[in-house]
Each structure stands twice: as structure tokens, then as C-alpha cells.
Amino acid sequence: MRRPGDGGVPAPLLVPAVLAVAFLVLPLVGLVVRAPWSDLGSRLVEPAVGQALRLSLVAATLATLLSLVLGVPLAWVLARSRMPGRSVLRALVTVPLVLPPVVGGVALFLVLGRQGIVGSWLYETTGYALPFTTAAVVVAETFVAMPFLVISVEGALRAADARFEDAAATLGADRWTTFRRVTLPLVAPGIAAGAVLSWARALGEFGATITFAGNFPGTTQTMPLAVYLALQSDPEAAIVLSLVLLAVSLATLLLLRDRWLGRAVTT
Amino acid sequence: MRRPGDGGVPAPLLVPAVLAVAFLVLPLVGLVVRAPWSDLGSRLVEPAVGQALRLSLVAATLATLLSLVLGVPLAWVLARSRMPGRSVLRALVTVPLVLPPVVGGVALFLVLGRQGIVGSWLYETTGYALPFTTAAVVVAETFVAMPFLVISVEGALRAADARFEDAAATLGADRWTTFRRVTLPLVAPGIAAGAVLSWARALGEFGATITFAGNFPGTTQTMPLAVYLALQSDPEAAIVLSLVLLAVSLATLLLLRDRWLGRAVTT
Amino acid sequence: MTLDARLTVQRGGLTVAVELAVADGEVLAVLGPNGAGKSTVLRVLAGLLRPDAGRVVVDGDQLWDAAGVHVPAHRRSLGMVFQDHLLFPHLSATENVAFGLRARGMPRARARAAAAGWLDRVGLGDLGERRPGQLSGGQAQRAALARALVGDPRVLLLDEPLSSLDARTRLTVRAELHRHLAEYRGSAVLVTHDPVDAMALAGRVLVVEDGRIVQAGTPAEVARRPRTDYVARLVGLVLLPGTGSGTSVALEGGGTVAVAEEVTGPVFAVIRPESVALYLERPAGSPRNVWPLRLVSATPHGSVVRCDLAGEVPLTADVTATSFAELGLAPGAAVWASVKASEVAVHTR
Amino acid sequence: MTLDARLTVQRGGLTVAVELAVADGEVLAVLGPNGAGKSTVLRVLAGLLRPDAGRVVVDGDQLWDAAGVHVPAHRRSLGMVFQDHLLFPHLSATENVAFGLRARGMPRARARAAAAGWLDRVGLGDLGERRPGQLSGGQAQRAALARALVGDPRVLLLDEPLSSLDARTRLTVRAELHRHLAEYRGSAVLVTHDPVDAMALAGRVLVVEDGRIVQAGTPAEVARRPRTDYVARLVGLVLLPGTGSGTSVALEGGGTVAVAEEVTGPVFAVIRPESVALYLERPAGSPRNVWPLRLVSATPHGSVVRCDLAGEVPLTADVTATSFAELGLAPGAAVWASVKASEVAVHTR
Amino acid sequence: GTAGGTTAPSTATADGGPTGTVTVFAAASLTDVFTDLGAALEDQQPGLRVQFSFAGSSALAAQLAQGAPADVFASADQAQMAVVTGAGLTEGEPAVFARNELEIAVPAGNPGGVTGLADFADPDLTLAVCAPSVPCGAAAGAVFAAAGITARPDTEEEDVRAALTKVQLGEVDAALVYATDVRAAGDAVEGIPFPESARKLNEYPICTLAAAPNPAGAQAFVDLVRSAAGQRALADAGFRTP
Ligand SMILES: Nc1ncnc2c1ncn2[C@@H]1O[C@H](COP(=O)(O)OP(=O)(O)OP(=O)(O)O)[C@@H](O)[C@H]1O
Ligand SMILES: Nc1ncnc2c1ncn2[C@@H]1O[C@H](COP(=O)(O)OP(=O)(O)OP(=O)(O)O)[C@@H](O)[C@H]1O
Ligand SMILES: [Mg+2]
Ligand SMILES: [Mg+2]
């Protein structure tokens, strides 16, 4: 349906929206302007950059998938079940957001490190140590990114009309079927938003990753780590690397979101 | 309305939800167990800690407010207007999430610094330099946190039933009134979620703050900065400081969210 | 399959306390004014709302009782039409109708075929691919009906399933529903505001007012002997409660009505609108019941005009369009109404 | 204030092309089958949907035209009842009704008082503090009606505003609406499926089928001379298109009907169900029109039973409950139907 | 397995040279020099691969405490090396292989007109130093104390690089950083040496680790760093060599 009068954004919305765009986009423009573009070509062909970029994308995507698999059910439990202590749980889940990522990395060691609560048992029985592996990158990014998904999906679930779930129940759908076939599609835009947030957060993750996974080119060195190192020696290179990361994520988001949101429901 | 069968969370949802909670909460438990609790008392009375904590809360709250004021209108424009180039705009707004925060701080300098596009003009006309002030902390945190708000509010807006806005229009409400009195309350849970995300992200912000605002106790040293510096010399102290930050944010979220969400609509 | 329920539930100040039993293959129509608690009863029967007390038994299976038994909605084998349809906005009409079959494990192709068949039966054969947002109000209601009927559930709960249909479609869909219900072996509860629906579809009628049952029986019984003003108006009669003594009834609202037989005690005097004659001046003649009244409203109704009259004895009169035109009445006009005593039916309260 | 519109709009395969004019203080009823485009027309008039061509003019003000004029909904001074109410879920009933007044700048206290007044008038006086989710279907519909009426808008667009009301409430709300519309000085468009609503409330009727106007006129005209089967059934008549020659009409569906007057050319033969008599065996007598038919369905309708008949000439017959009982008919039974030639009305197509 | 093939068995070739992969945990400020030295070592020992993990010294120390698979640890200060040594993770004594001294960094053209350490007491200038808890901050504190100056910085940076970035952007008028950083920063930054800098030199210790999967390779790398060639490379980067 065409919705008329759409061009007309009211001024009290337009002015802050323009300010917001300026505020978020101008710094990027600044970076683009300042970047030593002449270096760009030579930098892009460096195999280390390609490696780091590939690793970043793979790890962030895996972390997002893991966040979806674990986080969407958690959001559902927070929004829909009548468990006691839900509000405490909700706050607890939010809290990792506040943790300085480096401390988050330390905390991950305490659980999943070779001497950690779970990790020591794992190490003793299988000889497998998680830290300093590519898997550790994914775990660190998931730890940092999942709360974003949980909180935004929970918000979407709360806003969704629960009566459709009643209707599904009268049609014989158990809660799981209802979840899959009704709830999930209805909150698809919220999940998409949450996934974008998680992915972006995971892609930009630095502190927890460098702590928990280390900084090994090819295995655990993601773009933000590469940027960090570049900052040590050649800040301009760091800017170029950041812009590469930005460009790739911009392209990905443009491709992905439009396709995803295209499928979402418009009531 | 009481919704029956609520105790029964289906296993395919319960299992991942429990895993998610374990994954997010166990590391915190690890931190709590490992923390040198005997130090806690002495540390809490250190004036620097109180200062940093207060500054963190104030700055994160201001950043969240600023994000709300600017970000909600932007989300609305992204979700509702028919502007050309919206999807590019949406991706552009997401991209700061990916920027390593330190680079974000550099980018802010390029715009708002003494030599920046806007900042140099400000400095020349008024003699005011934003960097290294408390205001700079707020700006840096806003830059990092606002995208979270924008994306999750936009998701909520997309999921909301736009026909209520039609109904408001037939009642003589212009788009601004409709926005305030219909859209905003309908997406309140989404806004609450976005605000929580922004607040938490701002509270944990480190890289952009230390770059753009610097680190000076009392003016720009927030808790994450204090934690980071403590990590350099006394990792156990850093854990204690982190836990203080966690506890305070946990308490805030518990108080605030329940009150806020209590007011939100339940259709 | 038998549905047997007794339930008490608090609903925003109203206490709904209802007992009902629906035998195998029987259709129970629930009638009642807005806010009487009809939808509330259906929600309880469906298991979407827990009552405060009572029990719900289907076919001997306890579905709910105060002791803690609660079979959730999805295990009750229901077919339900919600008053506001609640079609899934993200699914096409066919997918909506096939949803229940799929949820109960039918393979996709078979479910879609069955859904398409039902859509056809309600006249939506060519709109199967539409999303609910792209259907008109009446089309959506028919899709909701098809969705409820398709699975051959044990219990059918239909909340005003025909209210948005146009007159012609209503006829055909009602006929379709009638055909289906005639063969249907479960219990069906139909909430409706249309007495024609109730008469055409239901074997028994339950009238609910203010959360309680005020009358129950076959449609004919209820129509013949209405016990509340609501029912009387529903079936197009005027109901005047009063106290009989001899051949006259002293009305509760004031005034008396002369009747043909001797009556005593609390009774209802029932007057058919067709039996009320209107005059501009006081008629001199045999009818013993003559009242001066005021015309409140006049609405054409087929070939007659239905006149609502206010005064000592509030009446409704049906007069032919011709005579109405001859009287030249306008709302607010004063008229005389007369009813022959032999036209007044009386039944005890 | 005059509403004057001509619009063409594409809607999921259907082309809606309608022209309508509503004078000051006039009420136009739009009737038509499900999916005919009635709601679509209202959406265009409201400015919620842009037509593909045409114009919408109120009181001489161009609200929309193909050249690019588009006055958005909120500046059109509307009162609209949506088919699915669309009450704001986060506001109480009073706040919902007061919304339009507040949006147009009335102070809060006055707006609430006006809203409370209107809620009272639709019988929701004590439910003002309820959220829409806590109202029954009929209560919500009345709140929606109050919300549309309260602001004294220039144009009223009512999409089935009475469909969920129980019979008694419907009477009182219809009377209230009638009173309001009688004094109302703007233009009102009322979509309804109930011919009684149309007759009671509207001065003129527009019948829309498949997106086009098939008939227009006063309710009486339309009822007297229906031009489509839909209209005929709506007003309880049987419409048989055919070609007249002499005193007989050769029907398009087959068969002939004897009529009293001489007719030629394309005509409609119109039969009142009351004039159809039913027999178990072929009657021998004066009526020239006698057809063997099959009973499809029989629904009690007040004191008569309405019988739908299928066969060469599809008919509807109204017989008294008594004689219906005497005939002992069941659906599917074979009957003979007869109509006196003098009872068949004819009008040219 | 652990990352980077560090579990590859380390054997000695026939001529006694180490093979396999050697993993070096090194302070981020050593990135450029060590990367070059690693390449050089790979050239010398064809069977050997050198892999680095650069990060802040404290992060590296924490990782080592968690059993990170490393052969060599090169710290940017004694304190973090002490953490590792204290945990019993080192093999043998750490050796100081480089020192670094402070220098004043100003933006190109010196817009603030900074001439010496005394300018750090000027409240009108925008000044950056390192936080007291990080090595360069401790050094700065010592230097100010020695010079009897009460510094009035606007920001206490978490590391030298952060301070230097602000100089490069022209956002501070001066920062107290290491000479090596001024050297690496190129044209955008000018260095102003000052006499008091010698009062407090920052020491870089290096050590092989007890749990080293490749002790031979580890020793080879440490030897290279401490060799004449290694020391030359460090000096070229602006370090003072012991
Ligand atoms: N969620 C709710 N919370 C509180 N009160 C409610 C709620 N839903 C309905 N009610 C009230 O309960 C009463 C019964 O509502 P119900 O929906 O059962 O009526 P109904 O008989 O279906 O009416 P209608 O014919 O208008 O649909 C009404 O007075 C209504 O206002
Ligand atoms: N959003 C839409 N997209 C596509 N087609 C639509 C949409 N809304 C309605 N239609 C179709 O347009 C036609 C007209 O719909 P409309 O809602 O105007 O019918 P209506 O006359 O109001 O019917 P009803 O009496 O059932 O409410 C219908 O066939 C419907 O399926
Ligand atoms: Mg109801
Ligand atoms: Mg409609």
C-alpha cells in the first residue's frame, strides 16, 4: 500500500534525525578524507590484511549465528515465560554489556580457560584448550555480542501481539511450533535488528578477543586487532584498515538487510 | 490476562536458553569468585573510585538521553519515511558499530577536535575546545552507543502496526502528534530495549572515550578507564572495580526497567 | 463428543458464571448483549483463560478443574473463530487455513489441498495466496471460519463467525456451515447476535446476560416464550413483565394490559409488533388496550415500517409502509396504539 | 458540506472505479458484497490510499486530484470508523475518544468531558477507563463509533459501525446515530451490510459490486426496483432477469414467468417471497406460474419461515411457521411453488 | 590443539639449528622491530617459523598466566615481566635487551611553542602524559619529580600511542612519550629531547618460557635479539641498547 504524505517528515523529527546522521556520519567522512588513499592499494594486497578480514567476517558471522541460536530462545523465555526471577535474569544478561571487554576476556578465562571451571574439565578429559584458537575468537565475540541480540529480540517480543500465539494454540500448535511458525516470523524485524547489532558488535570486538584469543595472524588476529597493531606503528595505516572494515561491513549490511527485510512481514 | 501453560517452556527453547544464561552469567560468577573481596571495602572508599563511578553513570545517562533525542527521530525516518537512499543511510548509521572505538575517537577528533571540521570553527569563534572535557566523554559515548538505539528502535517501528497511525491521521493528528501520542507508546518496549543497550554500551565504553576525551581523574576518567589502568598494574583491583560497575548497573537496570516496562503497553 | 462445562471467571468487574453442556453433534448458540461474557466463555472453553472455579470436560476428559488439571489449548482439539479473526499476518490465506493441519502433522501438500478446498467452500477459492492484510473484512472472516473448520476438531468455538458477511454471502456461507455442522460429530458453540443464525444453525440456545444464563432451550421455545426484554426484542416481540389478576396484568413499569385468559401472579405479557395498530386519534372500538404513546423512531423493514414507541407502555409496532405513509408520522409525533386482548400472549415468569 | 469524488484505484486485481456525491447533511449508504471495494473507497476518501485517477473534493476544496494535489488525512476533518476499529491499544476508551479533540487542540479536561459524554451516548459510560483490550467486541465497536463522531468533522466515514452490536444495543445506538446524523451538517458515508441500517440512516444508497456502482437512489427506490440479484436478496426480493414479450418473460436462466401486463425487451421480473405459495403436489388453480423446485434451506424469520428453493427458477418463499410445519418439509425435499402473475412486478433493465 | 601450530614438534636439524614454529609474545611497541627480526631469523634458520602475538604487556602477562602457548615473552617493562616470573613461568633470568627514554612530542611546527619540560606546568597548554600506573607514566612522574615540576596535564593516557595520536592530530600541544615513538611517528611529530629524561629509563626485558613448546627456537630468537644485529635494529628504531 502506498502511504501518502510520506515525503513530509515533521520538523521535530527531521531536525534531530539530520543532526543524528551528521553526528554519526561526519566522523566517517572525516576518516575518509584524512585517509592516505595512495597507500590503500598496496595495503589491500598484503596477505595479512586479507587474512584478518576473512577471519573477522567468519568469526563475526559465526558469533552472530551462535547468538541467534542461544539468544533468541533466551529472549523468548525472558519475554514470555512466567519464571520467577525473570527480571533479575534479564538484568544479569544485560550486564556483560557493561563489562569492559578486557575484563570480559579475563572472565572467560575463569570459565573456559585451561584452569577455568569448565575449561579445566575439558582440558583434562579431551586435552583440548579453547583459548588462543579461532574458536576462542568466536566465543569471545559471542560473549560480547549476544546480550545485544537478547535485549533487542526481547523488546520485539514484548511489543508483538501475543494473541496470535493464542490463535496458534487453538489450532493445535504447541509452544515450540507456535514459536517457530508464528512468533518468529512476527518478530523478524526485531531479530534482524538484533542480528545486525550483534554482527556489528562482534566485527568490531577487540578487548575480549585479544585477551581470550590472543593476537595470532591467521588464527586469531581479526581486523580490530590488526588496526590496534597498526596504530602502534602507523596510525594512517590503521585508518585505512578501519575504512576497509567499514566498507566491507557497509556492503554486507546493504546486501543482507535489504534481502532479509524484504522478506519480513508488512502488516 | 493470565496466560495458561506458561510454566511449560518447550525444550527446544529451554535448552538453548539455559546454555545462553550459563554462557553469559558463568563468567560473571567466575569474576565474583575470584575477586579479592577483602580489598573491596578499602577500594570502595577510595575517592577516585567514587568519582569515576559517578562520572560513568552521569555520562552514560546523558549519552543515552542524547541518543534518545537524536536517535529515535532517526529511527523513525529510517522506518517510516520514503526518502530515497534510506537503505544506504541505514547501513551508514550501523557502521560506527564496526569501527574500532579507538578509531572512532580519532574520527571524532577529525570533526570535533581543535583542528576538526566543526571543532576548529568552534575553537576559533568561542575559544572552546571539546576534547578532554566531560562533555567529550558524553559525545564519545553517544557516538558509540547511539547506533544501538537507532537500530533497535527501527526494528521495533518496522514491527509495529502502522494502521494505528492511519487511524490517528483520520482523527486530525499530524505526523508529529501521531508520533508522540501513538507511535512512541506503541514501540515503548523497543525503545526501552534500545535505551538499555545504549546505556550499557555507553557505561562500558572505553576506546573512543580515552581517545577523544582523554583520561583525567574527576573530569574524564570513567570506570572502564579506571579498570583498564588498574589492569596494567593490579589485575585483581581491576576485577573488583569491574564488579562494582556491574553491581551498580545491575541495580540500576533492575530498578529502572521494571518501572519503565511496567508502564509499557500489554495488548 | 460431549462438551460439559461449569465455570466462574472474573472479568473486569463482571462475574461470568455459566454452565453448559453440548452433546455430540449438537450446536449450541450463545446469545446475549454486548459485554455479557460470551467471548469470555469461549476463551475459557478454549483453555486460553483459566476460570476461577468450575470444570471443563470434553468426552469424559477433564480439561480443566479447580484441582489443577489444565490441558493447554493446543491439546484440546479445537476449531475456533475469534471475534477479531486473528489471521496470521505473515501467512497467506491458504497457509493460515493449513496451519492447524500442519501443526497436527499433516504433510504440506495434503494440508494445502485441504485448505484450498475449504477456502473454496467459503467462496475464497481464488484468494488463497493473499495475505490477510490484502483481504477485505468479510473475506478475512471467511478465511478465519475455514481455518477453524478444516481440521475436524472435537470442539468448535465460533465467535460471531458471520458478522461481517454481506447478505448474499452470509446465506451461502451459512448454508455451507449448516451442511458442515449437520454432519459434524463434535460439539459446537456458536456465539452470535443474529437470531436467524441461531435458528438456522443451532439446536439449542443459551441466552447470557451480565455473565449469567437467563434462558435456555430450543430456538423455538426461546422465541415463543422470551424471558427477558433482550430475548423478546431479539425475536421481534415486546415483553412486558407484570402481575396478573383476572384478565388484566398490572405492568411493572406502570399501566395495565388486558388479556384474554385469566392469569394470576408474576407473568410476562408478550405482544407481537404486527398486532399493534396505530391511530392519530383515540380509536373507538373493541380493543381494550389503548395507550397514548410517542413515536421514537421508525425504520423500514421489508414491506413494513417498524415503529418504536415510548410512553407508559413501551411498544414496538409493525405497520405497512402504505399505512405508515398515510399516517404521516414523524419521530416525536403523538399516536394512539391499540392491541386486541386476544393478541396478548401470557406466560408465567 | 458537500463531498464529491470520482476515483479509480487498483486493489489486488480489482479495479475500483466509483463516483459519488454527498450533499450537506446527507447520509449516503454504500452497500455491496464482500470484497466489492467499499472499504477501499472509504480509504481513498480519507486520504489513506491514493487513487490512480480521479478527484476528491469537499466543499469546493480539492483534497486530491491526479495533478498532484493531496491533502493528507489529518487535514481533512474526518471522522472514521474502521472495519477493525483500530482503537489505540495503549489508551483508555475515554482517551481514545478524546484523541481527535486533543489532536485538534482542545484542552485536556474539555476533551475528556466531551469524550465521556459520547461514551455515555453509546452506552459505555462506565467503561471509560478500560483499555481496548479489556472491552468486548461490541463495546470496542461503540468506542470506535464515539471516537469518529465526537469531533463534529466535515466528513464522516463509517465502515460497518454497527456490525458487532447485539440486537438491542444496535437499536439504541442506531437511534443515537440517527439523531446525530439528522442534525449533522457534514457529509456522511456509511458502509453496511444491513439494509435496515441503510434504510434507517441513509437518504441515498449506492450499491457497489466488483468495484463499480450497479445501482443508486433512495433506499425506497432501490428496494422497489433492485437491479442486481445482490440488491434483490438484500431487500428480500427475488430478481429474475429476462426478456419480455407479451405477458410472459423468458428468463435468462431458463424458464418463463407469466406477468399481468404486457412487456417487451430486457426486463427484471421481481417476486416477493411472501407471494410464493408452496405445495407438496402440483396445484391445480388460477396461478399461471407453477414450478417444481427443491428446498435448499429453511430458516425461521420471525413468524415466517424463509425457504430457499432451487430449480429452473430459483426462488425464495416466505411461508408461515404453521403451514411450513404442516407441509413437513426438510431440506432437499421436492416442492411445487406457485406465484400469481399479478404478484410479479416487472421493471425494465 | 592450540593455535598457530605451536604444538609442532621442535627438533634440531642435522646442523643443530632449531626448526618448527617459535611463538613470541611481545609488547605492542616492538611490533615493527620484532617483525623484521623474525623475518631475519627465518632466513637464517630455514626450518624455523617465527610467529608473534603483539599486545599490551599486561594483557600478554595475563594470557601467559592462563597457559598461553608461547616460547618467548618480551615485555615493555619490568613490572609485567615480574608478574610472569613471579608465577614461575619463565625459564632462566629475564634479560634487559633495550631501554627507552622519554621525549617531548609536539605537533609539526610546534604550535604551542613548547621548549622544555617546564612547559608541562603551563595550564594554558593542552598537555598529555601517561597515567601513573603504566610504565611511561611512572617514568614521567620520576622525571617531573627529578626536575621539580608540578605537571598540569589535561589527560593521563593509557599508553604512549594514545598520547602520540593526539599529538599527531594536533589536539594536544605536547605529550611526554618515548623517543622510539617520536621516531616512528614520522613527519607529523617533532621530538624535543630534554636532559632529565636520562633520570628514568624504561627497560625491556625478554625471557624464554618454562612451558615453551619449542625451547630451542625460543633461545634462538632471544639470542638474535640480544646479538649485535638485533641490537642494531633496535637502535635504528630509537631504542637505547644496554
Ligand atoms: N481483558 C479484559 N480485562 C478486563 N475485562 C474484560 C476483558 N475482556 C473483556 N472484559 C469485560 O468482560 C465483559 C465480558 O466480555 P466479553 O468479551 O466476554 O463479552 P461478549 O459477550 O463477547 O460481548 P460482545 O458481544 O460485545 O463481543 C465485558 O464487560 C468486557 O468489558
Ligand atoms: N491491501 C490490499 N492489497 C491487495 N488487495 C486488497 C487489499 N485490501 C483489499 N484488497 C482487495 O480489494 C478488494 C476490495 O476490498 P475492500 O476491503 O474494499 O472490500 P469491502 O467492499 O470493504 O469488503 P467487505 O465487505 O468484506 O469489508 C477485495 O477483493 C480485497 O481482497
Ligand atoms: Mg465477544
Ligand atoms: Mg470492508
Side-chain angles (χ1 to χ4, degrees), chain A residues 6 9-10 12-13 16-17 19-20 24-27 30-31 34 69-71 73-74 76-77 81-82 87 91-98 100 103 107-108 110-111 148 151-152 155-156 158-159 161 175-176 189-190 193 196-197 200 203-204 206 224 227 242 245-246 249-250 253-254 258 267, chain B residues 6 9-10 12-13 16-17 19-20 24-27 30-31 34 69-71 73-74 76-77 81-82 87 91-98 100 103 107-108 110-111 148 151-152 155-156 158-159 161 175-176 189-190 193 196-197 200 203-204 206 224 227 242 245-246 249-250 253-254 258 267:
Chain A
D6 273 329
V9 179
L13 289 175
L19 278 177
L24 292 176
V25 174
L26 267 188
L31 283 183
R34 273 289 290 262
V69 168
L70 300 183
L74 179 54
W76 186 90
V77 168
S81 84
R82 284 278 171 280
S87 55
L92 269 178
V93 164
T94 318
V95 155
L97 294 179
V98 177
V103 178
L108 283 175
L110 298 181
V111 175
F148 290 96
I151 301 297
S152 54
R158 279 177 180 279
D161 193 340
R175 303 204 96 191
W176 169 235
V196 166
L197 290 182
L203 204 60
F206 165 70
V227 169
S242 302
L245 188 59
L246 288 195
S249 58
L250 191 70
L253 288 177
L254 274 177
D258 279 358
T267 326
Chain B
D6 273 330
V9 178
L13 288 174
L19 277 178
L24 291 177
V25 174
L26 269 186
L31 282 184
R34 271 286 293 266
V69 168
L70 300 182
L74 178 54
W76 186 90
V77 169
S81 85
R82 284 277 171 281
S87 55
L92 267 179
V93 164
T94 318
V95 156
L97 294 178
V98 177
V103 178
L108 282 176
L110 297 181
V111 175
F148 291 95
I151 301 299
S152 53
R158 279 178 181 279
D161 191 342
R175 303 204 97 191
W176 170 235
V196 165
L197 290 181
L203 203 61
F206 167 70
V227 168
S242 302
L245 188 60
L246 288 195
S249 58
L250 192 68
L253 287 177
L254 274 176
D258 278 358
T267 326

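Chain letters run A, B, ... following the sequence lines, proteins first and then strands; every chain starts at 1.
- In terms of heavy-atom pairs under 4.5 Å with chain A, the best-connected choice from B:L250, B:L26, B:V77, B:V227 is B:L250.
- Interface summary for chain B: among A:P224, A:A200, A:G204, the most heavy-atom pairs under 4.5 angstrom belong to A:A200.
- Here the closest non-hydrogen pair linking B:A193 and A:G155 is CB-CA, 4.1 Å.
- Listed options B:L31, B:V25, B:L203 were ranked by heavy-atom pairs under 4.5 angstrom with chain A; first place goes to B:L31.
- Remark: A:L97 CG to B:L253 CG distance equals 8.5 Å, nearest 0.5 Å.
- In this view, B:P73 and A:L13, A:P16, A:A17 satisfy the side-chain contact (heavy atoms from CB on, under 4.5 Å) rule, not counting sequence neighbours.
- A:F206 does not touch chain B: none of its heavy atoms, backbone or side chain, sits under 4.5 Å away.
- Your options are B:V103, B:L19, B:V69, B:L108, and the one with the most heavy-atom pairs under 4.5 Å with chain A is B:V103.
- Taking CG of B:L254 as the start and CG of A:L92 as the end, the distance is 8.0 Å to the nearest 0.5 Å.
- Both the backbone and the side chain of B:V98 come within contact range of chain A, each with at least one heavy atom under 4.5 Å from a heavy atom of that chain.
- Among all heavy-atom pairs drawn from B:L70 and A:A20, the shortest one is O-CB, 3.4 Å.
- Of the two parts of B:L110, only the side chain, counted from C-beta on, holds a non-hydrogen atom closer than 4.5 Å to a non-hydrogen atom of chain A.
- For B:V93, the side-chain contact (heavy atoms from CB on, under 4.5 Å) criterion is met by A:L24, B:L74, B:V150, not counting sequence neighbours.
- In this structure, OG1 on A:T94 lies 8.0 Å from CG on B:L197, to the nearest 0.5 angstrom.
- Your options are A:P10, A:S152, A:A156, A:G71, and the one with the most heavy-atom pairs under 4.5 Å with chain B is A:P10.
- The candidate from A:S249, A:G190, A:P12 with the greatest count of non-hydrogen atom pairs under 4.5 Å with chain B is A:P12.
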